[in-house]
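Each residue takes its place number in the sequence, starting with 1.
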Amino acid sequence: MNNIFNQDVLYYWSAPFFISVILLEMFFSYRAKAKNYDFKDTSTNVYFALLNFGLDLLMKVTSFAIMGFCYQYRIIDWEGNMSWVYWLLAFIGQDFLYYIHHYVDHHSRFFWAVHVTHHNSEYYNISTGFRSPVLQPLFRYMFFLPLAFLGVMPLHIMFAYAMNQNYGTLCHTNFIKSKLGWWGYFFVTPSHHRVHHASNTKYLDKNMGMVLIIWDRIFGTFQAEEDEVEYEKLKYGLTKPLENKGPINVIFHEWKEIFKDFFQRKKSLPLGTRLKYVFMPPGWSHDGSTKTSKELQEELKSESKEELEILPKELRVQEIKVE
């Protein structure tokens, strides 16, 4: 029975489905002249997915051994009673732990250096969902250990992860413009995830959920997709676009920048400050020469407030009503 709930089996059966969906999206993109796909970029997505899957296979023994060790010390024993409560715990618990994992990815430069590969494409389509953080299998399972202590079998933890990933992958599309009403209040939608991939200042580090958007609403990382205007269109990719998009640099470019900041900044900087360039949020600097997403968003709010204050009173009232 456990063979059914196997991450590898799920990937095997879902592969033809996603290939078909991607080809369909390519067709409609071409027909609509939407330019959602680029051959080189899509090839990079496939390249990342294969590398990630290969490393995942290599790490399987280690990851399952560590999760299995934790499972031995479970505080709840569900064996023989794997009811709907067990599976609800597996899927909702996994989604919550993924939210934490994803939050850390965006708020610690060390983890961001791995995760950034998922964000450095300037295109947004279903194949972008396969633009996997290549090195993540080395440590990803560590975030899911609480579920093992709660009695969820390692095989089922990773099955829940794969199922949730499949849902999240389908949210990487520009073709569903609707915010999907009540569904979008509880679940991640393409609209929510477009915000997550956008590099516009107001959208940075928002909407971290994979399946449920409620974590973002609870913990203050939610941002709705706003109607586009000509000067504020959604921009995908990084705040500083990559110049070198070679296969090695695309994976390691942030590590190179960390190395420069750690070793080539002022020699007088203490070790503690240098370590902050490794583990503090991306954009952190001791002298303010670069800024974190939070600092950039605070500046944006301040600028918007100043612009509103200099508007004539009549226009200011109208502006407030629009907001």
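- Using a 4.0 Å cut-off between a side-chain N of Lys or Arg and a carboxylate O of Asp or Glu, Glu298 and Lys301 do not qualify as a salt bridge.
- Between the side chains of His118 and His102, not a single donor N or O lies within less than 3.5 Å of an accepting N or O.
- Linking Ile, Leu, Val, Met, Phe, Trp and Tyr residues whenever their side-chain heavy atoms come within less than 4.5 Å places Phe263 and Leu271 in a single cluster.
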**OP:** Go through the steps to decide whether Lys235 and Glu122 satisfy the test salt bridge (charged side-chain N to carboxylate O under 4.0 Å, His left out), and finish with yes or no.
**Re:** CA-CA 7 Å; Lys235 299 172 187 173; Glu122 294 172 21; over 6 Å; no
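- Here the rule is ring-ring contact (aromatic ring centres under 6.0 Å, His included) with His172, and of Tyr124, Tyr167, Phe130 only Tyr124 fits it.
- Here the CG-NZ distance, from Asn125 to Lys35, works out to 15.0 Å after rounding to the nearest 0.5 Å.
- Checked by atom type, the side-chain pair Tyr99/Thr221 shows a donor-acceptor distance below 3.5 Å.
- Counting heavy atoms from C-beta outward, Val211 and Phe91 have side chains that stay 4.5 Å or more apart.
- If you take CG on Asp216 and CD on Gln223, they are separated by 11.0 Å, rounding to the nearest 0.5 Å.
- Between Asp41 atom CG and Ser127 atom OG the span is 6.5 Å, to the nearest 0.5 Å.
- The aromatic rings of His286 and Trp284 sit tilted relative to each other, their planes meeting at an angle between 30° and 60°.
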Original post:
Stepwise, does the side chain to side chain contact (heavy atoms under 4.5 Å, CB included) test hold for Glu225 with Leu234?
Top reply: CA-CA 9 Å; Glu225 181 181 26; Leu234 277 174; 3.3 Å; yes
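- Side-chain atoms of His192 come within 3.5 Å of backbone atoms of Thr189 as a donor-acceptor pair (strictly under, hydrogens ignored).
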**OP:** Report the C-alpha distance between Leu150 and Trp78 in whole Å, list the side-chain angles of each, state the deciding distance to 0.1 Å, and finish with yes or no for side chain to side chain contact (heavy atoms under 4.5 Å, CB included).
**Re:** CA-CA 9 Å; Leu150 288 173; Trp78 299 91; 5.5 Å; no
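- Cluster annotation: Leu145 is connected to Met210 through the hydrophobic network of ILVMFWY side chains, with a link wherever side-chain heavy atoms come within less than 4.5 Å.
- Distance OG/Ser132 to CG/Leu55: 11.0 Å, rounded to 0.5 Å.
- A donor-acceptor pair shorter than 3.5 Å can be found between the side chains of His253 and Asn120.
- Side-chain contact between Pro137 and Phe53: absent, with no pair of heavy atoms (C-beta onward) separated by less than 4.5 Å.
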Subject >> side chain to side chain contact (heavy atoms under 4.5 Å, CB included) between Asn45 and Tyr123, intermediate numbers included >> reply: CA-CA 11 Å; Asn45 297 341; Tyr123 293 85; over 6 Å; no
Original post:
Could you go step by step and tell me if Asn207 and Val188 meet the side chain to side chain contact (heavy atoms under 4.5 Å, CB included) rule?
Top reply: CA-CA 8 Å; Asn207 299 355; Val188 174; over 6 Å; no
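- Residues Asn52 and Gln136 have side chains that never bring a donor and an acceptor to within less than 3.5 angstrom of each other.
- Side-chain contact check for Trp255 versus Phe110: some heavy-atom pair is nearer than 4.5 Å.
- Between Lys245 and Thr44 the shortest side-chain heavy-atom distance does not fall below 4.5 Å.
- Atoms CD1 and CG, on Ile157 and Leu97 in that order, are 8.5 Å from each other to the nearest 0.5 Å.
- For the residue pair His119 / His115, a side-chain donor-acceptor distance below 3.5 Å is found, with atom types taken as modelled.
- In this structure, a donor-acceptor pair under 3.5 Å is present between the side chains of Asn249 and Lys256.
- Rounding to the nearest 0.5 Å places CG of Asp95 at 8.0 Å from CD1 of Ile92.
- Side chains of His156 and Tyr86: a donor on one and an acceptor on the other come within 3.5 Å.
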**OP:** I would like to know whether Trp215 and Phe219 meet ring pair (Phe, Tyr, Trp, His ring centres under 6.0 Å); could you show each step before the answer?
**Re:** CA-CA 6 Å; Trp215 315 124; Phe219 298 110; 7.1 Å; no
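- Phe175 has its side chain within reach of Ser29: a pair of non-hydrogen atoms, C-beta onward, lies under 4.5 Å apart.
- For Tyr236 and Asn174, the side-chain atoms include at least one donor-acceptor pair closer than 3.5 Å.
- Across all non-hydrogen atoms, the minimal contact from Ala160 to Ala90 is CB-O, 3.7 Å.
- Taking a cutoff of 4.0 Å between a charged side-chain nitrogen and a carboxylate oxygen, Lys294 and Asp205 do not qualify as a salt bridge.
- In this structure, the side chains of Leu180 and Phe187 stay at 4.5 Å or more apart for every pair of heavy atoms.
- Under the 4.5 Å side-chain criterion, counting only non-hydrogen atoms from C-beta, Lys206 is in contact with Gln297.
- The two residues Asp287 and Ser289 make their nearest non-hydrogen contact at OD1-OG, 2.7 Å.
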**OP:** Give the intermediate values and the outcome of ring pair (Phe, Tyr, Trp, His ring centres under 6.0 Å) for residues Phe111 and Phe279.
**Re:** CA-CA 8 Å; Phe111 291 95; Phe279 295 105; 8.0 Å; no
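- Looking at Arg109 and Glu254, a side-chain N of the basic residue comes within less than 4.0 Å of a carboxylate O on the acidic one, giving a salt bridge.
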